[in-house]
Protein chains: 2
Amino acid sequence: MEIDRTSWKLLKALEENARLTYAELGKLVHLSAPAVAERVRKLEESGVITGYGATINLEKVGIPITALVECQVYRTKEREFKALVLSLDEVISCHNVTGPYAFILKVAVRSMSLLDELLERLIDLSDTNTMMILSTPVDRKMPLGIDQVAE
Amino acid sequence: MEIDRTSWKLLKALEENARLTYAELGKLVHLSAPAVAERVRKLEESGVITGYGATINLEKVGIPITALVECQVYRTKEREFKALVLSLDEVISCHNVTGPYAFILKVAVRSMSLLDELLERLIDLSDTNTMMILSTPVDRKMPLGIDQVAE
DNA sequence: CGTGAAAATAGAACCGC
DNA sequence: GCGGTTCTATTTTCACG
């Protein structure tokens, strides 16, 4: 699907605030509400927009600890490792990357002792390196800059 | 703010689909739509819900390359590094973490040559280690499992 | 927290470019 | 094809119990 400047603006706006009404979006791009609705519908159908989610402040719900865990998975344990990661509630994200640490997890836990338990389970299947997240100065879902648009 | 089981359910539901109507949410938790709306409003006001965002498939908008970049920032360049990171459109997230690699960036770019340009700029201020993201088996915003709720 | 009304929004049908 | 206008259904919001 081709993304023109108008749809790009809509994507950026919806990424920042998915609760904007079609009328509000229309004002941004100088289009009527139904025209915007139609564009958004097509963006959804073509898989450009894959969903809408609320962002939760984990600290405020009693989950104050987040960490990145690099995992160098033992060759024979890869399948088992993947299954474990998918089954762990505390795993927020899992990236399979190039390099010796094939998997990088982001985990969120209520206490250090729970983090310890989690790491114990991962250590059976991989060598891990844990980095506690101190702050997150940037957290977006797509790059800024309309220059990035393919034209 | 205290989160009871009902509000926890609402958070989980909204995290997965921020477009659920209050009536639909009400069915999930056996409450009327206005009661749900009031709870959600309080969750927003108290900062538990910090926003609502659309999730975009970057590949489909011509940004097929994502990478994690670990940055060991030179002691004297930390302020400059932070400013640079905040100014770069391609940086999707930036975590300040414990350990020698103080910053871990996630970047999204349209081409390898743009990634190269980006890394050149970072290398002036830090030692970097780049890991290309091959796949992302898990990507959530909060842990699953109601057991995590503080009670 | 529930009910019921009013206001706002979304969705569908149809017309014009 | 794409967008505008109108009309209807749904949803949100507010008053009241």
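All chains are named by letter (A, B, ...) in the order of the sequence lines, taking the proteins before the strands, and each is independently numbered beginning at 1.
When heavy atoms are screened at a 4.0 angstrom cut-off, B/Ala35 is found touching the sugar-phosphate backbone but no base atom.
Separating the CG atom of B/Leu20 from the P atom of C/dT9 is a distance of 20 Å, rounded to the nearest angstrom. Between A/Lys27 atom NZ and C/dA8 atom P there is a gap of 14 Å when expressed in whole angstrom units. Rounded to whole Å, the distance from OH on B/Tyr22 to P on C/dT3 is 19 Å. Rounded to whole angstrom, the span from the NE2 atom of B/His30 across to the P atom of C/dG2 amounts to 12 Å. To the nearest angstrom, P of C/dT9 lies 7 Å from CD of A/Glu24.
Between B/Arg39 and C/dC1 there is a side-chain N or O to OP1 or OP2 distance below 4.0 Å.
Annotation: of the two residues near DNA chain D, B/Arg19 and A/Thr6, the 5′-most nearest-nucleotide partner is A/Thr6. Mapping B/Ser32 and A/Ala33 onto DNA chain C by nearest heavy atom places B/Ser32 at the nucleotide closer to the 5' end.
Using a 4.5 Å cut-off on side-chain heavy atoms (C-beta onward), A/Phe81 and A/Cys71 make contact.
In this structure, the nucleotide among D/dG4, D/dT11, D/dT13 sitting nearest to the side chain of A/Leu31 is D/dG4. Picking from D/dT13, D/dT12, D/dC2 the nucleotide with the shortest atom distance to the side chain of A/Lys42 gives D/dC2.
Centroid-to-centroid, the aromatic rings of A/Tyr52 and B/Tyr52 stay 6.0 Å apart or farther.
Heavy-atom contacts from other residues, nucleotides or ligands closer than 6.0 Å to CZ of A/Arg19 number more than 12.
Under the 4.0 Å criterion applied to side-chain N and carboxylate O atoms, B/Glu16 and B/Lys12 are not assigned as salt-bridge partners.
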